[in-house]
Structures are given as C-alpha cells and as structure tokens.
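To start, the structure itself, in structure tokens.
Counting begins at 1 with the first residue of the sequence.
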Amino acid sequence: NWRRDSNQKASGKPGAVHSRSTAGEIEDGQITKPIYQSLDVSVASEYARKSQMIPRRNTPNSSWLNRKTLLVVVYGFILLVTTLAGIEFLASFLVPNWPARALRSVEVSASPQLGINSWGMRDRERAISRPSGIEARVVVVGDSFVENYASRLSLPAAIEQYFLAEGKTAPEVVNLGVSGTGPPSYYFRLKEVGLAMTPDAIILIFYSGNDFVSSQDSYSSWSFPPLIDESPGRALLGAIMPRTNWLLVNRLRLSEFLHLNGIVENEADVLSRAIHLPPQQRLDSLTRHIKTFYYPNIPEARIAEVIGRAGPAFWRQFEEREVDREYLHGWMLNLLIGWETNDDRDIARSPEDASRLVSRGEIDATASWLRAMNDAARSRRVPLIVALAPSAIVDPAYVEFWAPWPRFFSWNYLGDERHRQLAAAPGGTDIHLVDLRLVLDGVSNTYRKLDGHWTEKGVAIVAERLGRELDILLH
C-alpha cells in the first residue's frame with residue numbers, strides 16, 4: 001500500500017490519497033507527523049480508548065462511599081451490642097444474683113437449717129450495706145478452713161463467740177470462705193465483695209497445704225486478662241457480661257473447685273454406706289469404687305493393699321462421735337492412691353529434704369498476691385491481717401495416723417517448708433502477718449485425720465488467736 005500510494009503521488013494522478021498508518025502520516029516515503037496530531041482531539045481520544053480497551057464507566061462519589069461504610073459499621077456495632085445484651089439477659093434467668101455469683105462457681109441453695117445464707121455462704125444473712133448499731137465489721141476471706149463444714153462453727157462464728165465469751169461486744173464477722181479456691185480468687189473476692197461491705201478489718205486465711213501458686217502465676221496489674229475466669233473481675237468477658245461468664249465457668253467446669261472435683265453421682269452417700277459394711281465387704285466396696293471411677297488401670301489388689309495398710313486404725317476413724325466426726329471423701333481417696341502407687345514421683349523424705357523440691361519462684365509468686373491484696377485494702381484504708389495456717393504436720397496425732405502412707409504424707413513436708421519460706425518472704429513490707437504455726441505446733445488433735453482440716457479444738461485455738469489480734473487492731 002505504501003508503494004502504491006507513493007507511485008500515485010509521484011505520478012501526480014488526480015484523486016491520489018495519502019496512506020495513514022498507526023505510526024503516522026507518510027509523504028514521499030517519510031513519516032511527516034504522528035497520526036494523533038493529524039486527527040482532531042475527539043477522534044484521537046476515541047482511537048486511544050478503543051485501542052487500549054478501556055471501558056467507559058461512571059466514577060462513584062467518594063463521600064457516598066464513606067457514608068455507606070460508616071452505616072455498615074454502625075449497624076454491625078448495634079447488632080453486636082444487641083446480641084450480647086440479649087445473651088446476658090437470658091443468662092440472668094440461669095445464674096445466681098450478685099454477690100452470690102461473684103463468690104461461688106456453683107449455685108448453692110439457701111438453707112437456714114444448714115446455716116447457708118442467700119449468698120451461698122455458711123453464715124447468717126448479711127447485707128452489703130453496713131448495718132446500723134454494730135460496733136465493728138470484719139470480713140474473713142479464705143477457703144474451706146474458713147467454712148469448716150465438718151465443725152459446728154465456722155471460723156468467723158468462732159471468732160464472734162470468742163468475743164462474747166470474753167464479755168466483750170462482738171464485731172460482726174462475715175464469712176466469705178469458699179472451698180476449693182486460692183489466692184487469685186481471694187484477691188478478687190476481697191476487692192469486689194469484701195471491700196464493698198465497708199469493713200473495719202479483713203482477715204485472710206492462707207492455708208500452706210494447697211494455696212501456693214506456680215512461679216508463672218504471679219500477680220501482675222499489666223497482664224492481659226483471660227477471656228473467662230471463675231472470678232468475674234479477672235476475666236475479659238466477666239467485665240462486660242458477668243452472668244454469661246459465670247454460666248460458662250459453671251457449665252464447662254472451669255473453676256478450680258469444679259476442675260479438681262470429678263463428677264461421681266451420689267459419691268458421698270456411696271462412700272458413707274461402704275465404710276459401715278462388715279470389714280471385708282467395706283474394703284472390697286471401696287476398692288471397686290476407686291478402680292471404677294479413678295484408677296481403672298491399677299489392679300484391685302494394689303488398691304486394696306494401699307487402703308488396708310493401717311488395719312483397724314483406719315476404720316476406727318469413722319466411728320460415731322458427738323463432735324469431729326470423720327468423713328471419707330472421694331478426692332482424698334484419689335490423692336491417696338495416686339501418690340502411693342506412683343513410684344516415679346520424687347518425694348520429700350524429711351523436712352530437711354523438702355527444701356530441694358520447693359521453688360523460690362512459687363514463694364515469690366504467692367507473695368505477690370498477698371501484697372496485691374494488702375495494697376487493695378490499704379487503698380480503701382482497711383487493715384488486712386494475713387493469717388498463715390500451717391499444714392497438719394504440726395499435729396502429732398495426725399503425723400502418727402499417716403505413718404503407713406509415707407508417699408502421700410510427704411506433701412506435708414513440702415507445705416511446711418513453703419510455709420516457713422513464705423512467712424519470711426514479705427519482710428520489708430507492711431503486711432500484717434499472723435503465723436498460726438506458733439499456736440498450733442505440737443498440739444495434738446487440732447486437725448482432722450482424713451481431710452486435714454481443723455477440729456473444733458483447732459478452730460477454737462485459731463479463733464482465740466485472731467480474736468486477740470482483732471481486739472488490739474480495732475481498739
């Protein structure tokens with residue numbers, strides 16, 4: 001085509017046309033100018049659009065897009081809040097009221113006959129607001145050593161009785177003891193419920209047998225909270241949906257108490273019947289129970305040998321008596337068989353041997369919770385007494401009873417060593433410590449044989465010691 005157009009132009013024939021290519025306009029074999037300069041602007045734009053295959057479209061308004069995005073975000077937020085509020089509302093029909101849900105991970109029905117109030121505490125009815133006409137109000141926080149279900153009086157009730165026996169006006173001593181809990185639970189119970197009661201003093205009962213925390217569980221005000229926890233104030237969900245948090249902890253068995261206590265239907269009744277059978281039948285019954293629910297892989301002969309080591313002395317503990325009656329618990333059997341049949345477990349053979357198995361990290365971590373509780377109380381100008389309760393190793397009668405089971409007893413050595421180190425750990429701080437080992441050491445029959453809690457004699461000794469401390473503090 002180029003050759004033909006060139007010949008036509010050279011020959012001067014009329015009607016000759018100039019060829020155009022995509023590169024440009026050609027005259028006498030030379031490109032004289034680009035085609036986009038020879039075409040008008042509208043044609044060039046159309047040509048460029050088609051050659052580059054750019055589709056025509058309308059550009060949306062950016063402000064309209066921003067409004068639409070904002071609308072979606074706001075709608076999603078409202079939907080989320082409404083859903084969570086609805087879940088929390090439905091949960092309110094299934095969980096106890098406050099403060100009961102802040103105290104226990106299980107629902108306990110009020111029973112005046114059993115001495116249980118509407119908060120689920122072993123106490124008479126209490127109110128958050130301070131009653132008029134009382135001289136002083138004291139709150140006691142702790143675990144089963146405060147509740148003392150096996151004794152006729154709880155520790156707070158025994159402290160009140162001490163004042164009355166001395167002919168003095170007794171302060172109102174409130175029981176906030178919950179079985180199967182430890183320092184983190186104590187801290188939030190003290191902070192959320194105890195201090196809300198505007199007390200004149202708080203007593204914390206710390207049991208050296210099982211209240212120590214691991215070195216990784218120290219208190220920190222900067223740590224990221226867990227999503228769910230048995231103490232609502234500690235959990236992220238508990239801060240915004242406390243009822244839902246309680247319900248999840250309860251149904252999923254996430255609390256320390258529910259986690260450590262397995263579900264065996266009517267176990268207390270089964271064990272109570274078993275210990276009152278004829279000698280051989282009761283041993284066989286307990287052996288089958290332990291193998292069925294706790295240790296299916298351990299031979300029955302091994303289980304029976306462990307239980308029967310003490311002979312009649314073991315069974316005499318369950319004889320009927322007016323006070324300090326002993327009970328057999330599934331958790332105790334679980335621990336006994338577990339310790340005595342695990343030959344690979346490194347145990348403390350003596351008090352001196354216990355120091356090598358006690359980590360300084362766990363002492364420091366535990367002390368951090370005590371300091372946090374003291375700081376929380378001081379921030380409200382409420383004095384805190386930390387009473388260190390030793391393990392039952394201080395009771396000679398208890399030590400004699402457990403002699404046939406040295407592996408199981410060895411944890412008492414560990415508890416006693418931890419107790420000694422913790423008593424010295426808060427040195428240099430203003431924590432008000434009362435070491436109960438000083439009044440219990442060497443006194444027989446102050447601890448129950450089977451569960452290691454205080455007998456009525458032990459409760460009376462502790463109540464007197466703490467009563468004298470309170471008398472000085474309050475007056």
Side-chain angles (χ1 to χ4, degrees), residues 92-131 134 137-161 164 170-182 185-186 188-190 192-194 196-197 199 202-205 207 230-232 242-243 246-247 249-251 253 255-258 260-261 263 265-269 271-272 323-327 329-331 448 451 453-456 458-460 462-463:
S92 66
F93 293 98
L94 303 173
V95 305
N97 293 324
W98 189 89
R101 65 172 180 267
L103 296 171
R104 290 189 183 275
S105 60
V106 294
E107 187 170 9
V108 178
S109 301
S111 174
Q113 295 79 11
L114 298 177
I116 302 174
N117 63 19
S118 58
W119 294 0
M121 299 289 100
R122 190 191 180 195
D123 202 355
R124 63 182 183 271
E125 287 297 331
R126 304 291 188 180
I128 292 294
S129 58
R130 186 185 179 108
I134 63 170
R137 171 178 254 192
V138 178
V139 170
V140 184
V141 176
D143 60 3
S144 51
F145 276 78
V146 177
E147 286 185 311
N148 265 304
Y149 271 112
S151 299
R152 287 177 293 183
L153 292 177
S154 67
L155 178 59
I159 294 174
E160 286 186 347
Q161 190 176 74
L164 296 175
E172 180 194 37
V173 186
V174 181
N175 186 351
L176 292 186
V178 179
S179 298
T181 55
S185 178
Y186 300 162
F188 288 99
R189 198 182 318 155
L190 178 151
E192 297 169 7
V193 182
M197 301 183 74
I202 296 178
I203 299 176
L204 170 69
I205 304 297
Y207 174 52
E230 63 178 300
S231 298
R243 298 174 182 83
W246 185 95
L247 193 62
V249 169
N250 179 269
R251 297 297 188 267
R253 303 184 65 81
S255 70
E256 185 177 2
F257 175 82
L258 293 173
L260 296 177
N261 292 271
I263 303 176
E265 188 174 1
N266 300 320
E267 184 174 35
D269 294 335
L271 296 178
S272 179
V323 296
D324 294 329
R325 181 180 175 182
E326 297 278 2
Y327 299 91
H329 303 278
W331 61 262
R448 302 167 62 81
D451 60 30
H453 288 71
W454 290 319
T455 61
E456 296 202 0
V459 171
V462 172

Quick one, Ile159 with Val138, criterion side chain to side chain contact (heavy atoms under 4.5 Å, CB included). Give me CA distance, side-chain angles, the key distance, then yes/no. CA-CA 10 Å; Ile159 294 174; Val138 178; over 6 Å; no

Criterion side chain to side chain contact (heavy atoms under 4.5 Å, CB included) on Arg189 and Leu103, from CA distance to verdict: CA-CA 7 Å; Arg189 198 182 318 155; Leu103 296 171; 3.5 Å; yes

Under the side chain to side chain contact (heavy atoms under 4.5 Å, CB included) criterion, do Asn250 and Glu230 qualify, and how do the steps go? CA-CA 8 Å; Asn250 179 269; Glu230 63 178 300; over 6 Å; no

Hey, mind stepping through Asn175 and Val146 against side chain to side chain contact (heavy atoms under 4.5 Å, CB included) and telling me if it holds? CA-CA 7 Å; Asn175 186 351; Val146 177; 3.2 Å; yes

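The CH2 atom of Trp331 lies 11.5 Å from the CD atom of Glu267; values are rounded to the nearest 0.5 Å. Ser144 contributes atom OG, which lies 11.5 Å from atom CG of Leu155 (distance to the nearest 0.5 angstrom). The OG atom of Ser272 sits 12.0 Å away from the CG atom of Asn266 when rounded to the nearest 0.5 Å. Note that CZ of Phe188 and OG1 of Thr181 are 13.5 Å apart. Values are rounded to the nearest 0.5 Å. Atom CG in Leu190 sits 4.0 Å away from atom CD1 in Ile202 (nearest 0.5 Å).
Between Tyr327 and His329, the ring-plane angle classifies as tilted under the 30° and 60° cut-offs.
Asn148 and Ser154 get closest at one heavy-atom pair: CB-CA, 4.2 Å. When all heavy atoms of Gly177 and Met121 are compared, the closest pair comes out as O-SD, 3.8 Å. For the pair Ala196 and Ile128, the tightest heavy-atom approach, listed with the atom from each and the gap, is O-CG2, 3.5 Å. Nearest heavy-atom pair, Ser118 versus Ala100, reported as atom, atom and distance to 0.1 Å: O-CB, 4.1 Å. Annotation for Ser151 and Val459: closest pair OG-CG2, 4.3 Å, computed over non-hydrogen atoms. Looking at every heavy atom in both residues, Pro199 comes nearest to Gly194 through CD-O, 3.4 Å.
Every pair tested for ring pair (Phe, Tyr, Trp, His ring centres under 6.0 Å) that includes a residue from residues 99-122 fails, sequence neighbours excluded, so the list is empty. Screening residues 94-104 for side chain to side chain donor-acceptor pair (under 3.5 Å) gives Arg104-Glu147 as the qualifying pairs, with residues at least two apart or on separate chains. Within the structure, salt bridge (Lys or Arg N to Asp or Glu O under 4.0 Å) contacts touching residues 111-124 (residues at least two apart or in different chains) are Asp123-Arg126, Arg124-Glu160.
In this view, Pro131 and Ile134, Arg137, Glu172 satisfy the side chain to side chain contact (heavy atoms under 4.5 Å, CB included) rule, not counting sequence neighbours. Partners of Asp451 under the salt bridge (Lys or Arg N to Asp or Glu O under 4.0 Å) rule, at least two apart in sequence or in another chain, are Arg448. By the ring pair (Phe, Tyr, Trp, His ring centres under 6.0 Å) test, Phe145 pairs with Tyr207, His453, Trp454, sequence neighbours left out.
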